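Computation of the quantities below employed the complete heavy-atom set of this structure, encompassing side-chain atoms and omitting hydrogens, waters and symmetry-equivalent molecules. We name chains A, B, ... by the order of the sequence lines, and we start the count at 1 in each one. Everything numeric in this text was worked out from a predicted model, so none of it was measured.
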There are 2 protein chains.
Amino acid sequence: MTNPGTEHAFNREAQYTAKRRAVIRSASGAFRRRGYHNTSMVLIAQSLGLSKAALYYYVKSKEEILYECHIMVYDAMDAAVKSVRGKGTTGLDELQLLYGAFAHLLTRDGLGLLADVDSLKGAFQITVLKRRGSIERSVTRIVKQGMSDGSIKQADARVTVFFLMGALNWLNVWYEPGGRLSGEDIADAFVAQMSQGVAA
Amino acid sequence: MTNPGTEHAFNREAQYTAKRRAVIRSASGAFRRRGYHNTSMVLIAQSLGLSKAALYYYVKSKEEILYECHIMVYDAMDAAVKSVRGKGTTGLDELQLLYGAFAHLLTRDGLGLLADVDSLKGAFQITVLKRRGSIERSVTRIVKQGMSDGSIKQADARVTVFFLMGALNWLNVWYEPGGRLSGEDIADAFVAQMSQGVAA
DNA sequence: AAATAATTCGACTATAAAGTCAATCTATTG
DNA sequence: CAATAGATTGACTTTATAGTCGAATTATTT
């Protein structure tokens with residue numbers, strides 16, 4: 001190694017961030033299944049084979065975990081928005097790509113939108129609401145584009161978007177991984193229904 | 001009065017139930033805006049001009065309030081189901097009536113579906129989940145009828161219903177009474193979008 | 001207006017769960 | 001194989017809030 005000591009330092013750091021991510025992901029699943037306030041730090045710790053105190057080596061507070069859970073999903077959604085930008089020939093086309101990507105994130109990829117924004121305080125809440133607003137605006141932009149190019153029927157764009165986002169958010173409540181329907185099935189069905197619902 | 005004493009006894013009883021309902025309704029709004037766990041009994045009491053202790057004259061526990069909030073909505077939804085039964089000429093027609101009625105309940109009538117089923121324990125939770133399942137089954141029945149009579153396009157009925165119920169549930173998060181859009185506007189938009197989305 | 005019943009409250013207890021910390025264990029490095 | 005840094009813990013404190021209770025207040029009846 002040209003830079004002695006670096007490789008181990010990196011491993012340490014990498015393991016730390018990996019374990020931190022594991023905490024967030026594990027908590028995210030528990031929050032989705034049982035709700036934020038019905039999930040204790042002790043339970044999160046146990047499900048990772050740790051003590052509660054060890055958890056605080058990786059996170060500053062329970063609220064921070066919730067915050068990171070939200071951010072994790074919104075990062076993935078932002079990436080999806082970016083990846084479909086300009087890919088569709090029409091607004092409807094692009095909306096289909098994005099909506100399908102969202103549905104995949106929330107089923108196949110094991111991510112889950114959490115409703116519990118109210119439990120975040122101050123800057124945490126503001127940031128999360130901003131991120132959600134940003135996603136909604138991206139979708140609205142595509143919907144409006146579709147209305148301009150004639151692929152999507154005229155309607156109140158905001159209501160249309162809320163309608164569609166609502167269907168996605170409800171996934172958390174009823175979708176169970178490994179159930180009768182795969183993430184693909186659901187994504188396909190959602191895209192089909194969304195598509196027909198907004199088409200001109 | 002042929003039954004002396006009854007009229008006052010009735011007033012007492014009526015006032016008690018009226019006040020109890022006020023507790024439930026007030027709490028329902030607070031739960032929707034701030035979340036169940038972020039709403040303390042003290043706050044519910046204050047918003048009614050009562051002390052916390054007085055609250056316990058009307059309800060047995062905070063959990064009971066949450067339970068009643070759920071039941072209140074499901075009662076109204078059951079009534080809606082009943083009122084449209086057999087009214088539509090086709091499945092799609094009936095679904096439009098029901099979906100519009102649901103949207104009205106959740107906007108104009110100030111009712112709100114709560115997501116926090118996880119905070120209910122034992123029999124409370126079981127009952128609420130049963131009621132929700134019952135509503136979903138009613139909607140599914142209508143959707144399937146529509147698929148039979150050719151008014152609704154073939155698809156997985158359960159996913160279709162979850163999609164539609166999700167949009168309704170999300171209303172709690174973004175709908176604000178007295179905002180830019182009236183309950184009517186939203187109900188109309190929702191029915192239109194739902195309708196086109198599922199039509200054959 | 002005395003007696004009774006309904007309603008409300010202040011001041012308390014109980015409890016669950018978040019968060020802290022000094023001590024300990026484990027891995028890494030020179 | 002010390003010595004140092006990283007990781008984990010048991011036992012503790014703190015805090016928020018649900019829930020209780022006897023006393024006080026208000027309304028109703030005779």
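- For the pair B/D93 and B/K87, the salt-bridge criterion is not met [side-chain N within less than 4.0 Å of a carboxylate O].
- Atom CD1 of A/I44 and atom C1' of C/dA17 are 12 Å apart (whole Å).
- The distance between atom CG of A/L48 and atom P of D/dT9, rounded to the nearest whole Å, is 11 Å.
- Considering only side-chain N and O atoms, A/K19 lies under 4.0 angstrom from the phosphate OP1 or OP2 of D/dT8.
- Judged by distance alone, the side chain of A/Y36 and the main-chain N or O of A/L114 form no donor-acceptor pair under 3.5 Å.
- For B/M41, the side-chain atoms get nearest to D/dA18 when compared with the rest of C/dC9, D/dA18, C/dA18.
- When the side-chain nitrogen and oxygen atoms of A/Y58 are compared with OP1 and OP2 of D/dT8, one or more of them lie within a distance under 4.0 Å.
- In terms of polar N and O atoms assigned as donor or acceptor, the side chain of B/K52 comes within less than 3.5 Å of the base of D/dA18 in a complementary pairing.
- When the nucleotides D/dG10, D/dG19, D/dT20 are ranked by their closest atom to the side chain of B/A53, D/dT20 comes out on top.
- The NE2 atom of A/H37 sits 11 Å away from the P atom of D/dA18 (whole-angstrom rounding).
- Residue contacts for B/S51: at a heavy-atom cut-off of 4.0 Å it reaches a base atom on one of the strands shown.
- For the pair B/L50 CG and D/dT25 C1', the interatomic distance rounds to 14 Å; values are reported in whole Å.
- Between the CG atom of B/N38 and the P atom of D/dA18 there is a distance of 11 Å, rounded to whole Å.
- The CD atom of A/E13 sits 17 Å away from the P atom of D/dA5 (whole-angstrom rounding).
- In the interface, the side chain of A/K62 is not paired with the base of C/dA17 through any donor and acceptor atom under 3.5 Å apart.
- Listed pair A/Y57 / D/dT8 fails the phosphate criterion, with no side-chain N or O lying under 4.0 Å from OP1 or OP2.
- We find that OH of A/Y16 is positioned 13 Å from C1' of D/dT8, with the value rounded to whole Å.
- Salt bridge A/K60/A/E68: absent, no basic N to carboxylate O contact under 4.0 Å.
- For the pair B/Q193 (side chain) and A/V198 (backbone), a donor-acceptor distance under 3.5 Å is absent.
- Spacing between atom CD of B/E64 and atom C1' of D/dA18 amounts to 14 Å, rounded to whole angstrom units.
- Enclosure of atom CZ in B/R21 is not indicated, since only 12 or fewer non-hydrogen atoms of other residues, nucleotides or ligands lie within 6.0 angstrom.
- In the set D/dT9, D/dT20, C/dA18, the nucleotide with an atom closest to the side chain of A/Y56 is C/dA18.
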